[in-house]
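Read through the structure below, which is laid out as C-alpha cells, and then see the notes.
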2 protein chains.
Amino acid sequence: MEVKTDIFHAVADPHRRQLLDLLRTGEKPAGELVEHFDLTFPGISQHLKVLKNAGLVKTRRQGRYHYYRVNPSPLRDIHEWITQYEQFWKGRLKKLGQHLGEAE
Amino acid sequence: MEVKTDIFHAVADPHRRQLLDLLRTGEKPAGELVEHFDLTFPGISQHLKVLKNAGLVKTRRQGRYHYYRVNPSPLRDIHEWITQYEQFWKGRLKKLGQHLGEAE
DNA sequence: ATATTATTTAAGTAATCACTTAAATAATAG
DNA sequence: CTATTATTTAAGTGATTACTTAAATAATAT
C-alpha cells in the first residue's frame with residue numbers, strides 16, 4: 001500500500017499524462033489503455049496506481065474489468081500555483097500590476 | 001552541457017517550485033536564494049540549472065554575482081494542458097454539459 | 001472443476017535523481 | 001600578486017523511478 005502521491009510528480013511523467021488524456025473521452029478498462037502504449041500491462045498498471053494515489057483517477061469494477069475514469073480536481077492545485085505566474089505571460093505587466101489587477 | 005529539461009519535470013520538485021516562488025518578487029543572486037533552504041550551495045546551483053534548462057529562469061551576471069530571474073512563459077504549456085481538464089472541476093457538469101456549456 | 005481472460009502484486013534491475021563534499025572558475029578586495 | 005567571495009562543475013552515493021518478467025488474484029466461460 002503506497003502512500004499518497006504528490007500531484008506534481010504524478011503528472012510529471014509523459015505516459016501518465018497520456019493516460020489521463022486517453023481517459024478524457026470517457027472511462028476505459030486497463031486493457032484498452034495498454035493498447036495505446038509500447039509498455040507491458042504491469043507497466044501501465046503501475047502508472048495507473050500512481051495516478052490513483054494522487055487522486056487523479058477513480059476506478060469501477062465490473063466483472064473482471066477495472067474501469068478507470070479521470071478525476072481532474074486535484075489538478076486545481078497545479079492550476080492555482082501556475083495562475084500566480086499567469087500575469088507574466090498574459091498581461092506582460094510589470095511591477096505595478098501586482099496590487100491592482102485582481103479582478104477577472 | 002545538459003540538454004533541454006522537460007518543463008513538467010522541472011516543476012515537479014518542491015525545492016525548484018520554491019525557487020521560482022522566491023523569484024516572483026524579483027531577481028536575486030544565487031547566494032540569497034540558498035539562504036532560504038536547508039541545502040548546500042551546489043545543491044541549489046543544480047536546481048537552478050534544471051530550471052534554466054527548462055527556460056524557467058534567466059540569468060544576468062554582475063561581477064561575481066549571478067542574478068536569477070523567473071521567466072514563466074514555459075509554464076503556459078502546463079497551463080494549457082491543464083485547461084483541457086478545467087471544465088471538470090469548474091462546472092461540475094456531467095455528461096450532458098460536455099457539448100453545451102462552453103460559455104463562462 | 002479447469003481453463004481462459006483481465007488485472008494486480010512481487011521481485012529484480014538499470015537509469016535517473018537529489019543530494020553531498022571537493023575541486024575549479026572567476027571576479028573583487030587587500 | 002594573494003586572499004576572499006560567489007558560484008559552478010566534478011565526482012560520488014543512496015534513494016527513487018520506470019520498466020521488466022514471473023507469480024498471484026479474481027471473475028467468466030467451458
Side-chain angles (χ1 to χ4, degrees), chain A residues 1-23 26-71 78, chain B residues 1-23 26-71 78:
Chain A
M1 250 175 257
E2 274 170 30
V3 200
K4 185 105 169 63
T5 312
D6 173 62
I7 183 76
F8 282 90
H9 167 254
V11 141
D13 183 273
H15 286 147
R16 287 197 288 269
R17 287 201 301 279
Q18 194 181 342
L19 280 168
L20 291 174
D21 288 342
L22 286 167
L23 292 174
E27 69 171 10
K28 288 174 184 56
E32 196 180 317
L33 293 167
V34 172
E35 293 170 16
H36 293 83
F37 296 85
D38 195 22
L39 296 178
T40 60
F41 219 123
I44 293 298
S45 188
Q46 284 159 198
H47 279 310
L48 288 169
K49 192 179 183 177
V50 172
L51 291 172
K52 194 171 183 181
N53 286 335
L56 283 166
V57 297
K58 301 290 181 186
T59 52
R60 173 178 75 87
R61 186 167 191 166
Q62 184 177 295
R64 41 190 166 172
Y65 295 91
H66 293 223
Y67 284 91
Y68 283 84
R69 64 182 183 281
V70 71
N71 177 56
I78 300 179
Chain B
M1 249 175 255
E2 273 171 33
V3 202
K4 183 103 171 60
T5 313
D6 174 63
I7 184 76
F8 282 90
H9 166 254
V11 140
D13 184 273
H15 285 148
R16 287 197 287 269
R17 288 201 299 279
Q18 195 182 339
L19 280 168
L20 292 175
D21 288 342
L22 286 167
L23 292 173
E27 67 170 12
K28 288 176 184 59
E32 196 179 319
L33 292 167
V34 173
E35 293 170 15
H36 294 83
F37 296 85
D38 195 22
L39 296 179
T40 61
F41 219 123
I44 293 298
S45 188
Q46 285 159 196
H47 279 311
L48 288 169
K49 193 178 184 177
V50 172
L51 291 172
K52 194 172 184 182
N53 286 336
L56 283 165
V57 297
K58 301 289 182 187
T59 52
R60 172 178 75 88
R61 188 167 187 165
Q62 185 177 294
R64 40 190 167 173
Y65 295 92
H66 293 223
Y67 285 91
Y68 284 83
R69 65 182 182 282
V70 71
N71 176 56
I78 300 179

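Just so you know, these numbers come straight off a predicted model, no measurement behind them. We use all heavy atoms of the structure for the numbers below, so side chains are in, but hydrogens, waters and symmetry mates are not.
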Any protein N or O atoms within reach of nucleotides 22-29 of chain D? Criterion: under 3.5 Å, listing atom names and distances.
unit_1 : atom_1 : unit_2  : atom_2 : d
D:dT28 : O4'    : A:Arg64 : NE     : 3.4

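- The shortest distance between the side-chain N/O atoms of B:Thr40 and the OP1/OP2 oxygens of C:dT20 is below 4.0 Å.
- For the pair A:Arg60 CZ and C:dA6 P, the computed distance is 16 Å after rounding to whole Å.
- Atom pair A:Asp38:CG and D:dC19:C1' shows a separation of 12 Å (rounding to whole Å applied).
- Across the protein-nucleic acid pair, B:Tyr67 atom OH and C:dA27 atom P stand 15 Å apart, rounded to whole Å.
- The two atoms that bring A:Ala10 and A:Leu51 nearest to each other are O-CD2, 4.2 Å, heavy atoms only.
- The distance between atom CD of B:Gln18 and atom P of C:dC19, rounded to the nearest whole Å, is 11 Å.
- As judged by a 4.0 angstrom heavy-atom cut-off over every strand, A:Tyr65 is placed among residues touching the sugar-phosphate backbone only.
- Among the nucleotides D:dT9, D:dA18, C:dT7, the one closest to the side chain of A:His47 is D:dA18.
- Using a 4.5 Å heavy-atom threshold, the side chains of A:Thr5 and A:Leu56 count as separate.
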Review item, side-chain donor-acceptor pairs of residues 32-42 of chain B, under 3.5 Å, at least two apart:
unit_1  : atom_1 : unit_2  : atom_2 : d
B:His36 : ND1    : B:Glu32 : O      : 3.1
B:Thr40 : OG1    : B:Gly43 : N      : 3.4

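- A pairwise comparison of heavy atoms in A:Lys28 and A:Leu22 identifies NZ-O, 3.1 Å as the closest pair.
- OP1 or OP2 of D:dT8 sits under 4.0 Å from a side-chain N or O of B:Tyr68.
- Separating the NZ atom of B:Lys52 from the C1' atom of D:dT8 is a distance of 11 Å, rounded to the nearest angstrom.
- Put simply, the side chain of B:Val11 reaches to within 4.5 Å of the side chain of B:Leu20, judged on heavy atoms.
- When the side chain to side chain donor-acceptor pair (under 3.5 Å) test is applied to B:His66, the partners found at least two apart in sequence or on another chain are B:Arg61.
- In this entry the distance linking NZ of A:Lys49 with C1' of C:dA10 reads 10 Å, nearest Å.
- Across the protein-nucleic acid pair, B:Glu35 atom CD and D:dT7 atom P stand 10 Å apart, rounded to whole Å.
- The shortest non-hydrogen separation linking B:Ala12 to A:Asp6 is O-OD2, 4.1 Å.
- Contacts of A:Arg60 classified as salt bridge (Lys or Arg N to Asp or Glu O under 4.0 Å), with partners at least two apart in sequence or in another chain: A:Glu27.
- Looking at residues 9-17 of chain A, you'll see that no heavy atom sits under 4.0 Å from any atom of DNA chain C.
- For the salt bridge (Lys or Arg N to Asp or Glu O under 4.0 Å) test, residues two or more places apart in sequence or in another chain that qualify with A:Asp21 are A:Arg24.
- Between B:Leu48 atom CG and C:dA18 atom P there is a gap of 13 Å when expressed in whole angstrom units.
- Considering only the side chain of A:Gln46, D:dC19 comes nearest among D:dC19, C:dT20, C:dT7.
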